[in-house]
There are 2 protein chains.
Amino acid sequence: MASEPPEHRFAGVQQHPLVAVDVALFALTGGALYCLLVQVKDGSFAGKWAFPGGLVRADESLDDAAERELFELTGVRGGYIEQLYTFGRPERDPARRVVSASYLALVANLNLSVNAGARYGAVKWFAADKLPPLAYDHDQVGRMALQRLRAKLQYTNIVYSLLPKEFTLGELQEVYETILHRRLDRRNFRKKILALGLLRQLSKKRLGTHRPAALYAFKQKRPMVIEMV
Amino acid sequence: MASEPPEHRFAGVQQHPLVAVDVALFALTGGALYCLLVQVKDGSFAGKWAFPGGLVRADESLDDAAERELFELTGVRGGYIEQLYTFGRPERDPARRVVSASYLALVANLNLSVNAGARYGAVKWFAADKLPPLAYDHDQVGRMALQRLRAKLQYTNIVYSLLPKEFTLGELQEVYETILHRRLDRRNFRKKILALGLLRQLSKKRLGTHRPAALYAFKQKRPMVIEMV
DNA sequence: CCAAAAGTGTTGGTCTTACACCCATGC
DNA sequence: GCATGGGTGTAAGACCAACACTTTTGG
């Protein structure tokens with residue numbers, strides 16, 4: 001057997017696909033779930049909406065790239081972000097082969113000062129259950145992101161990333177009802193959530209239109225797997 | 001604002017990472033879970049064990065590449081395979097930047113005629129809970145694969161891919177006990193599994209060393225999410 | 001005083017767990 | 001006849017789902 005060059009691991013010819021990340025960012029407001037989309041400027045998908053994203057740079061990891069893309073567009077750093085799935089069909093971008101790792105990101109409020117900058121035609125929040133047809137294979141990204149979000153809401157504590165520091169139990173419950181598309185019994189919900197011991201009751205109250213509600217905060221804002229609902 | 005070239009989506013300079021897939025293949029025998037590793041031939045990890053894998057070709061998707069790699073090494077096609085996670089730290093392979101999508105694959109029996117061919121120094125099954133230190137970031141791949149396998153065994157029916165066409169309830173239970181590292185009550189297990197209605201009892205019996213056991217088969221060999229244990 | 005959301009326990013049903021003995025076969 | 005895994009039911013406890021009235025505030 002002939003000796004092999006040290007590069008044999010890379011021996012297969014490859015028209016080096018580009019490597020990109022795409023970020024599906026979600027936020028809640030007014031009892032509805034929203035998703036941030038950008039308008040593609042050029043190419044065969046010009047004018048279509050898509051998840052924001054871009055190429056991974058030479059010196060950064062996929063995670064770094066996703067966080068950077070999110071930061072550049074929204075100014076948000078340090079929120080919840082996790083890798084979702086990697087898409088690599090050769091024809092997913094007709095212009096050039098691009099393999100793209102998609103990410104799921106969550107923020108507590110959608111009043112971000114997003115600006116399209118030079119890269120995108122526009123940036124806009126869309127109701128997550130009524131996304132327009134998307135560019136590339138981003139319809140699939142959107143479906144997977146929602147599915148992952150729903151699943152993880154139930155068996156992890158990541159809901160903390162969708163809420164402000166202080167919130168009422170009613171607001172917490174509303175997050176679940178909105179995303180899971182089902183009504184929860186208030187008494188059972190409170191019992192269950194409080195029994196988990198993840199919340200700390202604050203002495204303050206949320207003064208509002210009616211009876212003041214006790215405010216709570218998460219003791220820990222760190223992903224944990226735990227049966228929430 | 002200056003007009004942009006149509007390639008603006010690829011404007012970030014990128015020293016085109018290579019795109020690869022790695023496959024963590026598992027199989028059961030004799031009440032233990034095994035995992036197929038190959039020995040790296042060259043480079044700074046020469047001699048180390050790793051999951052088999054290789055570059056994605058120009059005309060194939062990531063899934064295709066993973067299935068091809070698995071087939072080339074083992075002759076197995078059409079078993080269970082799913083994408084696990086994509087690793088992309090710039091320094092994960094010191095020789096060259098490689099972004100690698102890892103896959104989890106399952107086969108029913110480990111008596112495969114694997115041959116190292118020219119690419120690998122050796123190919124060998126290792127007990128899944130005692131893997132040697134692996135090359136690249138494959139330790140992490142191994143941990144994630146096991147974790148995913150354990151999780152999916154519980155909330156999907158993929159156990160079908162680890163069993164032959166016909167099996168006894170005792171063998172099915174053994175699969176769960178082996179992978180989940182816990183003993184299950186035989187009566188409760190049978191009750192639960194049969195109540196799910198996924199199995200079809202065959203008229204045949206497994207004749208063996210002692211009392212013959214009824215043979216069962218899965219009605220459907222297709223991934224479904226369902227609470228199994 | 002009215003509207004609106006907050007807060008609070010109990011009960012019945014379902015699901016889960018624990019547990020022990022007889023059976024059919026090969027040797 | 002004995003060793004080995006196959007096959008079976010029941011009872012107690014844990015968990016989950018359903019359900020209605022009172023409280024507190026703002027207007």
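Throughout, protein chains are lettered first and strands after them, A, B, ... in sequence-line order, and every chain is numbered starting at 1. All values reported here derive from a predicted model rather than from experimental measurement.
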Check this for me, if you would: do Arg182(A) and Glu177(A) make a salt bridge, where the nitrogen-to-carboxylate-oxygen distance has to be below 4.0 angstrom?
no

What is the ring orientation for Phe126(A) with Trp49(A), classed by angle as parallel under 30°, tilted 30 to 60°, or perpendicular over 60°?
perpendicular

Nearest to the side chain of Arg187(A), which nucleotide is it out of dT16(C), dT8(C), dG7(C)?
dT8(C)

Rounding to a whole Å, what distance do you find between Leu196(B):CG and dT16(C):P?
10 Å

Could you work out which one of dA24(C), dT8(C), dC19(C) sits closest to the side chain of Arg186(A)?
dT8(C)

From CG of Leu215(B) over to C1' of dG5(D), roughly how many Å is that when rounded to an integer?
14 Å

Rounded to whole Å, how long is the line connecting atom CD of Glu171(A) with atom P of dA4(C)?
19 Å

In terms of the angle between their ring planes, are Tyr160(A) and Phe218(A) parallel, tilted or perpendicular, with boundaries placed at 30° and 60°?
perpendicular

Whole-Å distance separating the CD atom of Gln173(B) from the P atom of dT8(D):
14 Å

Between atom CD in Glu177(B) and atom P in dG5(D), what is the gap in whole Å?
13 Å

Does the base of dA6(C) carry an N or O that pairs as donor and acceptor with the side chain of Arg211(A) under 3.5 Å?
yes

Salt-bridge criterion met for Lys192(A) and Glu227(A) (N-O under 4.0 Å):
no

Assign each of Gly170(B) and Asp185(B) the nucleotide of DNA chain D bearing its closest heavy atom; nearer the 5' end lies the nucleotide of Gly170(B)

Which one, dA18(D), dG9(D), dG6(D), comes nearest to the side chain of Asn188(A)?
dA18(D)

Interatomic distance, Met228(B) CE vs dT16(C) P [rounded to whole Å]:
14 Å

Specify the separation, in whole Å, of atom CD1 of Ile193(B) and atom P of dT16(C).
12 Å

Is a donor-acceptor contact shorter than 3.5 angstrom present between the side chain of Lys191(A) and the base of dT10(C)?
yes

Minimum-distance nucleotide to Ala213(B) side chain [options: dG7(C), dA18(D), dG6(D)]:
dG6(D)

All pairs passing salt bridge (charged side-chain N to carboxylate O under 4.0 Å, His left out) where residues 199-211 of chain B contributes a residue, at least two apart
Glu166(B)-Lys204(B), Glu171(B)-Arg206(B)

Tell me the interatomic distance from Phe189(B), atom CZ, to dG9(D), atom P, rounded to whole angstroms.
18 Å

Reading DNA chain C from 5' onward, which residue's closest nucleotide shows up sooner: Lys205(A) or His210(B)?
Lys205(A)

The side chain of Ala214(B) is closest to which nucleotide in this list: dG7(D), dA6(C), dC19(D)?
dG7(D)

